[in-house]
Novice: 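Just passing along the structure, written as structure tokens.
This chain uses plain numbering: 1 for the first residue, then up along the sequence.
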Amino acid sequence: MTRPTSIAITMGDPAGIGPEIIVKALPAFAPRLASGELELVVVGARDCFGETAKRLGQAGFDLPSIDRSTPRAGRAVFLDAGQAAQPIRPGTTSAEAGRLAYRAIEEAVRMAVAGRVDAIATAPISKEALNLAGFHYSGHTELLADLTGARDSAMLLLHGDMRVSHVSTHVALAEAVKRLTPQRLRRVIEMTLDVLRKLGIEKPRIAVAALNPHAGEGGMFGREDIEVTTPVVAQFRDEGHAIEGPVPGDTVFVKLRGRRYDAVVAMYHDQGHIPVKLLGFSVDPKTGQWEALSGVNVTLGLPILRTSVDHGTAFDIAGKGIANERSLIEAVDCAIQLGISRLGSST
């Protein structure tokens, strides 16, 4: 029998909904765990999970513990990344929560680099808490790139057939314009092509979104689309790739939803995030509150595989027992799919 696909799940910020959605998501994987297809390694602070399980009315968080030297266990296990030095209050930003979140990510990355897991799936972190703890990163993507020594990386959001990668993410809009260079755009397109093939799309079709309204309207609204994007797209087309662009941002996602493309390369954070999250959020029409979010965040360009939930820490509902685990389940499923694809391509 082939060995199980092994995924490490990191706790995220313990003051957010990370521990809750992990505890809730574990039963969804029970059949695959029982059959030997899957191994899950939950990484975090056990005392935080114990408190979460108690709030959810469960007997306790009783996954068997492993340490760094334990071989693959073939089931759901727990790796303790450190205990809380002070109480963690749900919904509260703190340096201690940021420290624990960082340690969980660090341990999971060590396991992935060493080949003890095939991929990692991360629960959400608080960027503010992370920085309060002395880890000065603007998000998971930048942190993971630093821990793995990646020369560059990019974010890809997935929601069904909506697949959107990003030239830049957590930077000011003025900085995002500066980061649009031929080298960066070419690299993001290459990474997007690669992940689409791993997802089973043999001949990917990609649209590159315009930076400016109406793709610059012949230069009236800026020349970046003319001077940077157009030549790069032309190079890819000359190489035989099915790539279009620059396509105006106000129509490109409608075309993506209509399946004219397999993915869009967005120029900056909000351009790519808004359409994916608009479609991914499920909202209760009576209360106006969101009930669940479907979607996965994949980091491209790393030497390891990483997926994540497509939502934040949700401090406003942390500790209330009402967080939805759907996005985490999708993130683990995506990590499994990419992990199997990666193993298959290496044999």
Side-chain angles (χ1 to χ4, degrees), residues 4-27 29-30 33 38-56 58-90 92 94-126 129-130 132-135 137 140 143-144 147-148 304-309 313 318-319 323 325 328 331-332 335:
T5 302
S6 184
I7 309 295
I9 306 176
T10 60
M11 169 180 66
D13 191 299
I17 63 172
E20 179 182 336
I21 60 176
I22 292 172
V23 171
K24 287 181 174 180
L26 286 175
F29 302 108
L33 291 165
L38 177 65
E39 176 193 61
L40 295 177
V41 183
V42 179
V43 187
R46 183 175 283 279
D47 52 350
C48 296
F49 280 95
E51 290 297 318
T52 298
K54 186 186 300 183
R55 282 196 299 269
L56 294 174
Q58 298 190 11
F61 190 74
D62 56 0
L63 294 183
S65 293
I66 63 169
D67 58 32
R68 295 180 187 174
S69 63
T70 306
R72 290 172 180 256
R75 59 185 187 276
V77 293
F78 188 85
L79 176 64
D80 200 333
Q83 300 301 297
Q86 58 193 47
I88 301 295
R89 293 187 297 164
T92 302
S94 70
E96 180 62 6
R99 182 185 72 82
L100 291 171
Y102 178 86
R103 294 305 175 199
I105 298 165
E106 186 179 45
E107 289 289 353
V109 168
R110 283 192 184 123
M111 295 184 75
V113 170
R116 290 184 58 208
V117 294
D118 301 309
I120 65 175
T122 60
I125 59 173
S126 163
L130 192 69
L132 285 174
F135 304 107
Y137 300 97
H140 259 120
L143 168 57
L144 290 164
L147 287 175
T148 59
I304 64 172
L305 291 174
R306 178 259 178 168
T307 65
S308 180
V309 296
T313 54
E325 67 276 19
L328 179 63
V332 173

Novice: Any non-hydrogen side-chain atom of Leu79 less than 4.5 Å from a side-chain atom of Met111?
Specialist: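 Side chain of Leu79 against side chain of Met111, heavy atoms only: contact under 4.5 Å found.
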
Novice: Measure across Asp13 and Gly98 and return the closest heavy-atom pair with its distance rounded to 0.1 Å.
Specialist: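 What the structure gives for the nearest pair is OD2-N, 4.4 Å.
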
Novice: Does Ile7 offer a backbone N or O that forms a donor-acceptor pair with the side chain of Asp118 under 3.5 Å?
Specialist: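 Between the backbone of Ile7 and the side chain of Asp118 there is no qualifying donor-acceptor contact (under 3.5 Å).
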
Novice: Should the ring pair Tyr102 and Tyr137 be called parallel, tilted or perpendicular, given that the plane angle runs from 0 to 90° and is split at 30 and 60?
Specialist: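 Answer is parallel, since the angle falls under 30°.
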
Novice: Can any side-chain N or O of Glu20 pair as donor or acceptor with the backbone N or O of Ala323 at less than 3.5 Å?
Specialist: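 Judged by distance alone, yes, a pair lies under 3.5 Å.
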
Novice: Salt bridge check, Glu106 against Arg110: does any charged N sit closer than 4.0 Å to a carboxylate O?
Specialist: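 Between Glu106 and Arg110 there is a salt bridge, with a charged N closer than 4.0 Å to a carboxylate O.
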
Novice: Provide the closest heavy-atom pair for Val309 versus Ala331 in the form atom of the first, atom of the second, distance.
Specialist: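 Shortest heavy-atom contact: N-CB, 4.0 Å.
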
Novice: Taking all heavy atoms of Ala318 and all of Ala15, pick out the closest pair and write down the distance.
Specialist: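 So the minimum-distance heavy-atom pair works out to CB-O, 3.2 Å.
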
Novice: What distance separates Leu100 CG from Asp47 CG, expressed to the nearest 0.5 Å?
Specialist: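 Spacing of CG (Leu100) from CG (Asp47) equals 7.5 Å.
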
Novice: Roughly how far, to the nearest 0.5 Å, is CZ of Arg116 from CD of Glu39?
Specialist: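 Going from the CD atom of Glu39 to the CZ atom of Arg116 covers 8.5 Å.
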
Novice: Run the side chain to side chain contact (heavy atoms under 4.5 Å, CB included) check on Ile125 and Ile105 step by step: do they pass?
Specialist: CA-CA 10 Å; Ile125 59 173; Ile105 298 165; 4.0 Å; yes

Novice: Ser308 side chain to Thr122 main-chain N or O, any donor-acceptor pair under 3.5 Å?
Specialist: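 Indeed, once roles are kept as given, a pair shorter than 3.5 Å links the two residues.
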
Novice: Give the C-alpha distance, both sets of side-chain angles, the deciding distance and a yes or no for side chain to side chain contact (heavy atoms under 4.5 Å, CB included) between Leu63 and Leu40.
Specialist: CA-CA 10 Å; Leu63 294 183; Leu40 295 177; over 6 Å; no

Novice: Main chain of Ser65, side chain of Asp80: is a donor-acceptor contact present, judged purely on distance under 3.5 Å?
Specialist: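 Not a single qualifying donor-acceptor pair exists.
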
Novice: Taking the side chain from Glu96 and the backbone from Ala85, do they hold a donor-acceptor pair closer than 3.5 Å?
Specialist: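 Checked: pair present.
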
Novice: Working to the nearest 0.5 Å, report the span between CD1 of Ile9 and OG1 of Thr307.
Specialist: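 Answer for the CD1-OG1 pair, Ile9 versus Thr307, is 9.0 Å.
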
Novice: With heavy-atom distances below 4.5 Å as the criterion, would you say the side chains of Arg306 and Thr148 are in contact?
Specialist: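 With C-beta onward as the side chain, the pair stays apart.
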
Novice: Locate the shortest heavy-atom distance separating Ser94 from Ala97; write the atom from each residue and the value.
Specialist: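 Heavy-atom minimum between the residues: OG-N, 3.1 Å.
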
Novice: For Gly82 and Ala45, which heavy atoms make the closest approach, and how far apart are they?
Specialist: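 Smallest interatomic distance, heavy atoms only, reads O-CB, 3.0 Å.
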
Novice: Are Pro90 and Arg55 packed together at the side-chain level, in the sense that at least one heavy-atom pair is separated by less than 4.5 angstrom?
Specialist: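 Contact flag for Pro90/Arg55 side chains = yes.
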
Novice: Looking at Arg103 and Ala81, what are the two nearest heavy atoms and their distance?
Specialist: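 The pair with the smallest heavy-atom distance is CB-O, 3.5 Å.
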
Novice: With a 4.5 Å cut-off on side-chain heavy atoms, are Phe29 and Val332 touching?
Specialist: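 Sidechains of Phe29 and Val332: in contact.
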
Novice: Report the C-alpha distance between Ile22 and Phe49 in whole Å, list the side-chain angles of each, state the deciding distance to 0.1 Å, and finish with yes or no for side chain to side chain contact (heavy atoms under 4.5 Å, CB included).
Specialist: CA-CA 9 Å; Ile22 292 172; Phe49 280 95; 3.9 Å; yes

